[in-house]
Amino acid sequence: MRDTLTAPPARTQVPIRHLAGPDALDRALIEQLLERAASFEHGSEMKAAPLLGRLLATVFYEPSTRTRFSFEAAMHRLGGQVLSAENASRASSAAKGESLEDAIQVIGGYADAIVLRHPDVGAAERAARVAPVAVINAGDGRGHHPTQALLDLYTIKKELGRLDHLRVGLAGDLRNGRTVRSLALLLSRFPGNELVLISPRALRMGEDVIGALNQAQQGMQETSDLGGAIADLDVLYQTRIQAERFESPEEYERLRSVYVVSAELMRRLPEHAILMHPLPRREEIDPLVDADPRAAYFRQARNGLWVRMAVLDWAVAH
Ligand code: CP
């Protein structure tokens with residue numbers, strides 16, 4: 001009789017679909033995933049259970065609300081089940097000194113895909129090199145957050161009707177904010193977009209992303225003047241100053257309130273434009289702004305469900 005516990009999984013005939021960073025996402029795949037996400041949102045795929053009998057491991061070495069819950073909800077809604085380490089740095093054998101590579105090889109023997117959040121830049125790529133199943137990057141330190149960028153694009157398309165010929169302001173902590181780093185690169189896959197990188201000098205976008213944008217001949221400008229940039233934007237994408245990435249608490253205190261989107265500032269944002277934020281927020285958007293119909297950030301967070309259903313379906317069901 002065949003030993004179903006020790007027999008190697010029959011997964012190796014097809015290439016594993018990792019999503020370790022934005023390089024995995026060309027325009028065709030982005031459009032495919034956004035279309036699939038829309039079909040999940042509009043209910044045309046909801047009756048099927050394409051991931052019935054499949055297991056997802058969510059392995060989070062850093063805190064999360066949106067990314068972990070939306071991936072787990074997505075897996076359940078697709079008919080699959082979830083194994084979760086929500087505090088893996090303390091509650092997994094990482095606390096005993098186990099390497100990421102060893103942990104991923106072991107977890108990959110139990111699950112059909114791994115969603116990984118880790119404080120080290122490049123952790124998802126390291127994991128993908130050794131994993132026997134798909135690895136999806138849910139944020140690697142100040143590196144990238146590709147599924148956040150996908151749900152950001154989904155939100156822009158839904159709210160404004162297109163992903164090209166847009167003027168998008170990315171504001172706040174561009175040095176440490178992985179969501180804006182990934183989003184800038186994905187926006188450069190679409191023609192005619194203009195990026196306005198709005199940050200204090202100390203929090204400028206990294207040279208690696210600037211270099212890739214230049215390589216893609218992406219139109220962009222840099223400024224520290226949020227008030228001056230806001231009036232001709234289609235999207236203002238505000239971000240949190242990432243306290244957890246600062247070595248000096250004094251530097252964080254100096255920069256934490258550098259940009260605050262208030263109801264008064266919103267008067268300068270065009271009527272057709274939207275205000276986005278990956279969340280969580282602190283003081284950088286006044287809660288009084290939430291009632292403004294252009295404030296899209298809670299709708300944006302909700303869109304993560306549909307987009308992560310599409311990503312799991314793509315990575316696991318093929
Ligand atoms: N936007 C985002 O990644 O949120 P979480 O840290 O709550 O997952």
Side-chain angles (χ1 to χ4, degrees), residues 19-22 25 33 37 56-77 82 84-91 113-121 123-124 127 135-156 158-159 168 170-187 209 235-246 256 261 274-285 287 290 295-312:
L19 181 41
L25 292 164
L33 290 170
L56 173 70
T58 55
V59 186
F60 278 59
Y61 293 81
E62 283 189 336
S64 169
T65 299
R66 277 143 292 272
T67 310
R68 191 172 66 83
F69 278 107
S70 61
F71 262 117
E72 295 186 1
M75 191 63 183
H76 286 296
R77 283 174 183 271
V82 177
S84 190
E86 65 177 63
N87 188 2
S89 55
R90 286 200 297 173
I114 298 169
V115 172
L116 175 69
R117 174 168 288 188
H118 196 278
D120 294 348
V121 174
V135 172
I136 299 165
N137 184 356
D140 59 327
R142 50 166 74 97
H144 283 287
H145 196 347
T147 65
Q148 175 72 45
L150 280 173
L151 78 87
D152 295 339
L153 292 188
Y154 186 80
T155 302
I156 294 170
K158 199 167 139 184
E159 301 268 338
V168 180
L170 305 174
D173 189 350
L174 309 188
R175 180 183 70 182
N176 299 306
R178 56 196 173 201
T179 68
V180 266
R181 289 167 48 78
S182 294
L183 180 57
L185 294 175
L186 294 203
L187 282 167
V209 172
V235 177
L236 173 57
Y237 191 102
Q238 171 71 315
T239 62
R240 180 175 62 88
I241 308 298
Q242 308 262 304
E244 66 275 28
R245 312 276 179 226
F246 279 68
R256 62 183 291 178
V261 178
I274 54 170
L275 172 64
M276 298 176 67
H277 190 302
L279 304 177
R281 70 166 153 191
R282 291 187 63 168
E283 62 265 65
E284 65 277 4
I285 298 179
D290 296 357
Y297 29 92
F298 291 113
R299 300 192 293 272
Q300 178 185 352
R302 167 87 170 137
N303 289 334
L305 177 62
W306 319 118
V307 169
R308 287 173 173 134
M309 286 176 77
V311 168
L312 289 175

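Indexing begins at 1, ligand by ligand and atom by atom, following the structure's order.
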Any chance you could measure Leu186, atom CG, to Ile156, atom CD1, to the nearest 0.5 Å?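 CD1 of Ile156 is found 10.0 Å from CG of Leu186.
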
Nearest 0.5 angstrom please: Leu183 CG to Leu153 CG, how far?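 With rounding to 0.5 Å, CG (Leu183) is 6.0 Å from CG (Leu153).
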
Quick one, His277 and Glu284 - any side-chain contact, counting heavy atoms below 4.5 Å?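 Yes - at least one pair of side-chain heavy atoms lies under 4.5 Å apart.
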
Closest approach of any protein heavy atom to atom 4 (O) of ligand 1, naming residue and atom: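 The closest one turns out to be Arg66 NE, 3.0 Å.
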
Which residue supplies the protein heavy atom nearest to atom 7 (O) of ligand 1, what is that atom called, and how far is it?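 So the nearest neighbour among protein heavy atoms is Thr65 N, 2.7 Å.
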
For a salt bridge (Lys or Arg N to Asp or Glu O under 4.0 Å) with Glu62, tell me which candidate from Arg68, Arg178, Arg90, Arg142 qualifies.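 Considering Arg68, Arg178, Arg90, Arg142, a salt bridge (Lys or Arg N to Asp or Glu O under 4.0 Å) with Glu62 is found only for Arg178.
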
Determine, for Phe69 and Arg308, whether the Lys NZ or Arg CZ falls below 6.0 Å from the six-membered ring centre while staying within 45 degrees of the axis.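 No, a cation-pi geometry is absent between Arg308 and Phe69.
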
Measure Leu279 to ligand 1 on non-hydrogen atoms and call it side chain, backbone, both or neither using the 4.0 Å cut-off.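 The backbone, only.
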
Thr179, any N or O under 3.5 Å of ligand 1 N or O: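 Among all N and O atoms of Thr179, none is under 3.5 Å from an N or O of ligand 1.
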
Atom 6 (O) of ligand 1: which of Arg117, Arg68, Arg240 has the nearest heavy atom?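 The option holding the nearest heavy atom is Arg117.
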
